[in-house]
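Working notes, structure below.
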Protein chains: 2
Amino acid sequence: MQSSTRGRSAGRPRSAAADTAILAATRAALVELGWSKLTLGDVAARAGVAKTTLYRRWPGKNELVVDAVAELFDELRLPDRGSLAADVEGVVSQFAAILARPEARSGLMAVVAESTRDEALRERIRSSIVERQKRLVVEGKSRARARGELPPQTDPAEEGRTADLVFDVVAGAVVHRTLVSAEPADDTWIRGFTRLLLGGLREA
Amino acid sequence: MQSSTRGRSAGRPRSAAADTAILAATRAALVELGWSKLTLGDVAARAGVAKTTLYRRWPGKNELVVDAVAELFDELRLPDRGSLAADVEGVVSQFAAILARPEARSGLMAVVAESTRDEALRERIRSSIVERQKRLVVEGKSRARARGELPPQTDPAEEGRTADLVFDVVAGAVVHRTLVSAEPADDTWIRGFTRLLLGGLREA
DNA sequence: GCGCTTTCGCTACGGGTCGTAGCGTAATGG
DNA sequence: CCATTACGCTACGACCCGTAGCGAAAGCGC
């Protein structure tokens, strides 16, 4: 008999504080234990909530970690530094700083790996993490085009393809440098990468 | 084969057939179950060996999957196609084909994620997977230099840095395209990527 | 052949995590 | 005051882990 209107009115409301506590506890557990040794029971204990509360809000470990890591990317911005090269260096630097944090290193690749067999999880990652990054690429390109640093683009389909391409190159390079090669994406590296991205291999 | 003389001689030798059976079973399990649901008991059953045999040869799931996936990269070659662009397209195409296989998709990122907290595992990945790929980059660059497509490089330290950089860009882009963006690195994409890599953003 | 050594298959076990069910209590809105 | 929903807590079967112990098998040196 739900008096309808919206299902969201009757009963005790969910504690918003619990949400933030759980996500913070998840990140703390990622730092201390890493992905594989992280257990939901441990996260619940750290957050001061019951394990059942956790399961009422997230389907499982994968989705929880995606949400916990996604918050790390909230700080990503694209400040206008005056030139395309400076803009690229700026955003890559921010991205590298996030990936240098242990909670991101441990969690991000693990959920991406899981997402290869879980369509819903992949969509969750895409909407809460990837899409936000990709928007920076689109904005940066249009800004450079307004400055005259890049030729105007007529075909919108072609424009979308190159934006995707550039995004995969930038994000992929930083991730690979940080997690696979396991060496820091410091200023020297970032300058070299920006030069390669803008001028190509023949000028590097 | 393998005529004696070296340290190991006494006792029953380890079955080489068991090794190949176990690694093949591991890949099959990766395809069917993915990383998270893969259990060593299941792999042992598929391979027709006892679980204890498996633990005698590999420390755990991580190392086993690294070795199983590493074999997929044995086929990686750098055929001489006459130009730098064609060489790049060729090797990227091979790399993309490997990453398109489900056993690579499921396993590779998972072990990389684990390696962020396990130095020995990272070294195992580096020596058995990454180093082999990186050599292709070095060889391709020197070949292009011999053709006159790239300027000669004087400083060997600088040369090493750019080789590392190019490697991270190439491998990272393909991995990101395949696993994060979850779209195929087909011929169209490969051509666009090669053009971006060689000519830079201003020519793309 | 004969032992010595190492590996193999098998069984069994304690320890840990999972995800859920059940229950009584707490916090809202009508 | 009552209906409704969230919460904390406990308990549970199921599963996987990694190891120990056993007898049997398979090479090697003699």
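Please read all numbers here as calculations on a predicted model, not as lab measurements. Throughout, a chain's letter reflects where its sequence line sits, starting with A, and its residues are numbered from 1.
Atoms OH (B:Tyr55) and P (D:dT19) sit 7 Å apart, rounded to a whole Å. Between the CG atom of B:Leu64 and the P atom of D:dG18 there is a distance of 12 Å, rounded to whole Å. Taking atom CG of B:Asp42 as the reference point, atom C1' of D:dA14 lies 16 Å away to the nearest angstrom. One atom, CG of B:Leu54, and another, P of D:dA20, lie 17 Å apart when rounded to the nearest Å. Distance CZ (A:Arg14) to C1' (D:dT4): 14 Å, rounded to an integer number of Å.
Pairs passing the side chain to side chain donor-acceptor pair (under 3.5 Å) check and including a residue from residues 123-133 of chain B, sequence neighbours excluded, read B:Asp67-B:Arg124, B:Asp74-B:Arg132, B:Glu123-B:Arg126, B:Arg126-B:Glu131. Residue pairs meeting the side chain to side chain donor-acceptor pair (under 3.5 Å) criterion with at least one member in residues 185-204 of chain B: none, sequence neighbours excluded.
Between B:Glu71 and B:Arg27 there is a salt bridge, since a side-chain N of the basic residue sits under 4.0 Å from a carboxylate O of the acidic one.
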For residues 47-54 of chain A, please give each side-chain donor-acceptor pair under 3.5 Å, one per line with the distance, not counting sequence neighbours.
none

Donor-acceptor list for residues 156-165 of chain A side chains, cut-off 3.5 Å, not counting sequence neighbours:
residue, atom, partner, partner atom, Å
A:Glu158, OE1, A:Arg161, NH2, 3.0
A:Glu159, OE1, A:Arg145, NH2, 3.3
A:Thr162, OG1, A:Lys141, NZ, 2.7
A:Thr162, OG1, A:Glu159, O, 3.0
A:Asp164, OD1, A:Lys134, NZ, 3.3

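By the side chain to side chain donor-acceptor pair (under 3.5 Å) test, B:Gln153 pairs with no residue at all, sequence neighbours left out. Checked against ring-ring contact (aromatic ring centres under 6.0 Å, His included), A:Phe167 has the following partners two or more places apart in sequence or in another chain: B:His176. Among residues two or more places apart in sequence or in another chain, the salt bridge (Lys or Arg N to Asp or Glu O under 4.0 Å) test is passed with A:Glu103 by A:Arg101. Contacts of A:Arg177 classified as salt bridge (Lys or Arg N to Asp or Glu O under 4.0 Å), with partners at least two apart in sequence or in another chain: A:Glu183. Residues passing the salt bridge (Lys or Arg N to Asp or Glu O under 4.0 Å) test with B:Asp42, sequence neighbours excluded: B:Arg46.
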Taking N or O atoms only and anything under 3.5 Å, show me the protein contacts with nucleotides 9-11 of chain C, one pair per line.
residue, atom, partner, partner atom, Å
C:dG9, OP2, B:Ala50, N, 3.2
C:dG9, OP2, B:Thr53, OG1, 2.6
C:dG9, O6, B:Arg56, NH2, 3.3
C:dC10, N4, B:Thr52, OG1, 2.8

I'd like a table of atom pairs between the protein and nucleotides 23-27 of chain D - only N or O on both sides, under 3.5 Å - with the distance next to each one.
residue, atom, partner, partner atom, Å
D:dA25, N3, B:Arg12, NH1, 3.2
D:dA26, O4', B:Arg12, NE, 3.4

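Of the residues in residues 24-41 of chain B, B:Thr39, B:Leu40, B:Gly41 come within less than 4.0 Å of DNA chain D through at least one heavy atom, sorted by number.
With 3.5 Å as the limit, one finds no donor-acceptor pair spanning the side chains of A:Glu149 and A:Ser83.
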